[in-house]
Amino acid sequence: MALLLPPLSGLLFGLGLVVSGMADPAKVLNFLDVAGTWDPSLAFVMGGAVIVATIGFRLALRQPHPWVAPRFHMPTARQIDARVIVGPAIFGIGWGLSGICPGPALTSLTLGAPGVLVFVPAMFAGMALARWLAGRSHPSTAQGTDALKTRP
């Protein structure tokens, strides 16, 4: 069961991206273009996702542990520093320029969407660069150990 949940979750997520239109960069760019050809339909997708996630997290965190893991891994960082501001800013600028973010990019690979074949390798190169830079300044971050906490 533990081996099936990640691919099934990814499949469900990808299907949701395709059905909602978020895998289409033009639809995303029209959503972000509030002064031009604004398409508000993705706001309903995001609102629905927030509602489902809120309910899901509330139900899941009432459990003593996840279905297929011995414990929850929750972020413990509470400080807002340059990394918390600069990283999302770079992500947002890239998303606004291309209309593609990582999840829809991977979904679009299966659809053969143009531009994604350039975006995905660049995304992985950026992720590797970010991990390398983080490892230089915070060695434990590169190993992924500082942001995890065991929930009782």
Side-chain angles (χ1 to χ4, degrees), residues 1-34 39 41-54 56-57 60-61 65-151:
M1 183 68 167
L3 293 175
L4 289 177
L5 281 180
L8 288 176
S9 299
L11 184 64
L12 181 62
F13 179 67
L15 184 63
L17 291 172
V18 170
V19 169
S20 68
M22 289 193 72
D24 180 3
K27 188 164 184 77
V28 173
L29 288 174
N30 283 333
F31 172 72
L32 297 172
D33 188 8
V34 293
D39 176 3
S41 63
L42 290 185
F44 294 104
V45 173
M46 291 184 216
V50 167
I51 291 169
V52 170
T54 300
F57 271 100
L61 293 177
H65 58 82
W67 288 352
V68 293
R71 64 181 192 262
F72 288 100
H73 296 275
M74 304 297 289
T76 59
R78 301 274 185 237
Q79 297 174 337
I80 297 175
D81 58 13
R83 292 176 59 202
V84 173
I85 295 171
V86 173
I90 292 171
F91 175 86
I93 291 169
W95 190 39
L97 290 173
S98 68
I100 305 170
C101 68
L106 295 177
T107 301
S108 296
L109 276 177
T110 62
L111 301 173
V116 174
L117 296 177
V118 174
F119 180 87
V120 170
M123 175 182 75
F124 283 115
M127 293 167 67
L129 177 64
R131 182 172 289 268
W132 179 74
L133 289 172
R136 289 179 51 144
S137 59
H138 303 283
S140 64
T141 301
Q143 297 169 2
T145 58
D146 69 335
L148 300 178
K149 177 184 177 184
T150 301
R151 186 168 186 260

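Each residue takes its place number in the sequence, starting with 1.
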Identify each donor-acceptor pair in which a side-chain atom of residues 9-16 lies under 3.5 Å from a protein atom, sequence neighbours left out, and give them as a table.
{"from": "S9", "atom 1": "OG", "to": "L5", "atom 2": "O", "distance (Å)": "2.8"}

Which atom pairs, one a donor and one an acceptor, fall under 3.5 Å between side chains of residues 99-108 and the rest of the protein, sequence neighbours left out?
{"from": "T107", "atom 1": "OG1", "to": "G103", "atom 2": "O", "distance (Å)": "3.2"}
{"from": "S108", "atom 1": "OG", "to": "A23", "atom 2": "O", "distance (Å)": "3.0"}
{"from": "S108", "atom 1": "OG", "to": "P104", "atom 2": "O", "distance (Å)": "2.8"}

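More than 12 non-hydrogen atoms from other residues, nucleotides or ligands lie less than 6.0 angstrom from CG of L129. Surrounding CD1 of I85 are more than 12 heavy atoms belonging to other residues, nucleotides or ligands, all under 6.0 Å away.
The two residues F72 and A60 make their nearest non-hydrogen contact at CZ-O, 3.2 Å. Closest non-hydrogen pair, S20 versus L42, comes out as O-CD2, 3.7 Å. Contact between A43 and F31 at its shortest, heavy atoms only, is N-CE1, 3.6 Å. Of all heavy-atom pairs between M22 and V28, the closest is O-CG2, 3.7 Å.
Judged as a side-chain contact (heavy atoms from CB on, under 4.5 Å), and not counting sequence neighbours, the contacts of I51 are I55.
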Give the C-alpha distance, both sets of side-chain angles, the deciding distance and a yes or no for side-chain hydrogen bond (donor to acceptor under 3.5 Å, both in side chains) between S41 and K27. CA-CA 9 Å; S41 63; K27 188 164 184 77; 3.0 Å; yes
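With values rounded to the nearest 0.5 angstrom, L17 atom CG is found 12.0 Å from D24 atom CG.
With a 4.5 Å cut-off on side-chain heavy atoms, L109 and L117 count as touching.
A side-chain donor-acceptor contact under 3.5 Å links D81 to the backbone of V84.
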